[in-house]
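Values below: every heavy atom of this structure, side chains too, minus hydrogens, waters and symmetry copies.
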Amino acid sequence: MKTFTKISAEELNENFIDLIGNKWMLITASKDDKVNTMTASWGGVGELWNKNVAFTFIRPTRYTYEFVENNELCTLSFFDEEYREKLAYLGKASGRDEDKIGKMGLTVVKDGDISYFEEAKYVLVCRKLYKDDIEMENFTDMPFGEKIYEGGNLHRMYINEILYALKSWL
C-alpha cells in the first residue's frame, strides 16, 4: 500500500497544463456511500479570490455530475503514464452501467467525505466554491464555441478551493 503525505498545494512543483491536458486526471466524489469518477482533460489550477483553486468542467449528462453536485468535496487524482488505458476507459464507461472502478482494478481510499485512489501519484482535495453553466451566448468567439459544443451538451464549470494535496510515496 502506498503512503500519502499531506502537503500544501504550493509544495507541488508540477506542470498542471501537462498533467491535466496531456496526462489527464480523475474527478471523484462520493454520494450515499457510493463513489464515482470520470476522466477529465479540461481544467486548470491557479489562484483566485486569495485561494488556491482548481477549475473543473463536467457535463450534466455525466454520472459524476450527480456526485459532484451532491457533495461539497471532490478530489482530483493524477497518475503515472502506466495508467493511461485505465483512465481512457474510465472516461468512456459510465458508473451508472457498471462498476467501472472495480473493472479497472483501482483501489478507492475513503477518508471521511473524500475518496481518491491508492494508485494515484498526486491528489488535490477540493471544496466547491462556485459553479456556473457554460452558455453559448457568452462565447466572444462564436465559431470556436460552436465548434467545441457542436450538438450542445455544454459543461458546468466548478471553481474548487484546494484544501490540501496528497503526494504518494512508494
Side-chain angles (χ1 to χ4, degrees), residues 6-12 14-79 87-88 90-96 100-101 106 108-117 120-141 144-145 147-167:
K6 187 175 179 178
I7 60 175
S8 69
E10 293 91 352
E11 292 178 78
L12 287 174
E14 298 299 319
N15 177 344
F16 282 96
I17 292 173
D18 182 52
L19 283 178
I20 296 169
N22 298 321
K23 295 181 180 168
W24 310 334
M25 65 181 167
L26 291 180
I27 302 172
T28 308
S30 303
K31 179 181 108 173
D32 302 328
D33 296 326
K34 293 181 184 177
V35 175
N36 199 59
T37 194
M38 64 174 271
T39 303
S41 62
W42 289 6
V45 173
E47 209 244 89
L48 181 66
W49 303 320
N50 299 316
K51 295 183 178 292
N52 296 317
V53 297
F55 304 87
T56 55
F57 299 84
I58 303 175
R59 296 178 196 272
T61 54
R62 297 297 300 259
Y63 189 43
T64 304
Y65 176 88
E66 297 173 28
F67 286 73
V68 172
E69 279 292 300
N70 290 291
N71 195 327
E72 178 184 24
L73 304 173
C74 69
T75 60
L76 309 179
S77 298
F78 301 90
F79 295 80
L87 295 180
L90 291 168
K92 294 176 192 161
S94 175
R96 280 188 192 104
K100 65 182 187 175
I101 295 170
L106 294 180
V108 175
V109 177
K110 298 267 303 167
D111 184 5
D113 289 337
I114 65 166
S115 302
Y116 57 95
F117 299 98
K121 185 175 184 177
Y122 305 109
V123 178
L124 300 180
V125 177
C126 301
R127 181 179 68 87
K128 287 187 303 192
L129 290 175
Y130 180 84
K131 63 184 179 180
D132 199 7
D133 294 327
I134 303 293
E135 296 181 15
M136 285 304 296
E137 60 268 15
N138 292 336
F139 276 93
T140 57
D141 181 344
F144 173 77
K147 179 181 175 189
I148 293 295
Y149 289 108
E150 184 179 343
N153 198 15
L154 283 71
H155 289 87
R156 173 163 284 178
M157 177 189 68
Y158 296 91
I159 300 173
N160 306 285
E161 177 183 11
I162 301 170
L163 299 176
Y164 58 90
L166 298 169
K167 183 176 181 179

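Considering every non-hydrogen atom in both Tyr63 and Ser94, the closest pair reads CB-OG, 4.0 Å. When all heavy atoms of Glu10 and Asn52 are compared, the closest pair comes out as OE2-ND2, 2.8 Å. The two atoms that bring Ala54 and Ile162 nearest to each other are N-CG1, 3.9 Å, heavy atoms only. In this structure, Tyr116 and Ser77 approach most closely via the heavy-atom pair CB-OG, 3.9 Å. Closest non-hydrogen pair, Leu124 versus Ala165, comes out as CD2-CB, 3.9 Å. Shortest non-hydrogen contact noted between Cys74 and Asn160 is SG-OD1, 4.1 Å.
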Residue pair Leu163, Leu73: steps toward the side chain to side chain contact (heavy atoms under 4.5 Å, CB included) verdict:
CA-CA 10 Å; Leu163 299 176; Leu73 304 173; 3.8 Å; yes
Side chain to side chain contact (heavy atoms under 4.5 Å, CB included) between Ile101 and Thr28: does it pass, once the steps are laid out?
CA-CA 11 Å; Ile101 295 170; Thr28 308; 5.8 Å; no
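Note that CG of Leu166 is 13.5 Å distant from CZ of Phe117, once rounded to the nearest 0.5 Å. We find the NZ-CZ distance between Lys121 and Phe79 to be 12.0 Å, quoted to the nearest 0.5 Å. Once rounded to the nearest 0.5 Å, the distance linking NE2 of His155 with CZ of Arg62 reads 8.5 Å. The line from CH2 of Trp24 to CG of Leu19 is 13.5 Å long, rounded to the nearest 0.5 Å. Taken from CD1 in Ile27 to CE in Met38, the straight-line distance is 5.0 Å, to the nearest 0.5 Å. Distance check, rounded to the nearest 0.5 Å: CG of Asp132 to OH of Tyr158 gives 11.0 Å.
For the pair Lys31 and Glu69, the salt-bridge criterion is not met [side-chain N within less than 4.0 Å of a carboxylate O]. Under 4.0 Å is where a charged nitrogen must lie from a carboxylate oxygen, and between Lys23 and Glu14 no such pair does.
Side-chain contact between Ile20 and Val45 is present, with at least one heavy-atom pair separated by less than 4.5 Å. Using a 4.5 Å heavy-atom threshold, the side chains of Phe78 and Leu12 count as separate. Between Leu48 and Phe55 the shortest side-chain heavy-atom distance falls below 4.5 Å. Contact of the Val35 side chain with the Lys110 side chain is registered, since non-hydrogen atoms from C-beta on lie closer than 4.5 Å. Counting only heavy atoms from C-beta outward, the side chains of Asp111 and Val125 never approach each other to under 4.5 Å. Put simply, the side chain of Asn36 does not reach to within 4.5 Å of the side chain of Arg96, judged on heavy atoms. Looking at heavy atoms from C-beta onward, Met25 lies out of side-chain contact with Phe16 at the 4.5 angstrom threshold. With contacts defined as side-chain heavy-atom distances shorter than 4.5 Å, the pair Glu66/Lys34 does not qualify.
Side chains of Ser115 and Ser30: a donor on one and an acceptor on the other come within 3.5 Å.
Surrounding NZ of Lys6 are at most 12 heavy atoms belonging to other residues, nucleotides or ligands under 6.0 Å away. Within a 6.0 Å radius of CG in Leu129, more than 12 heavy atoms belonging to other residues, nucleotides or ligands are found. Within 6.0 Å of the CD atom in Glu150, the count of heavy atoms belonging to other residues, nucleotides or ligands does not exceed 12.
Remark: Glu72 pairs with Arg127 by the salt bridge (charged side-chain N to carboxylate O under 4.0 Å, His left out) rule, at least two apart or across chains.
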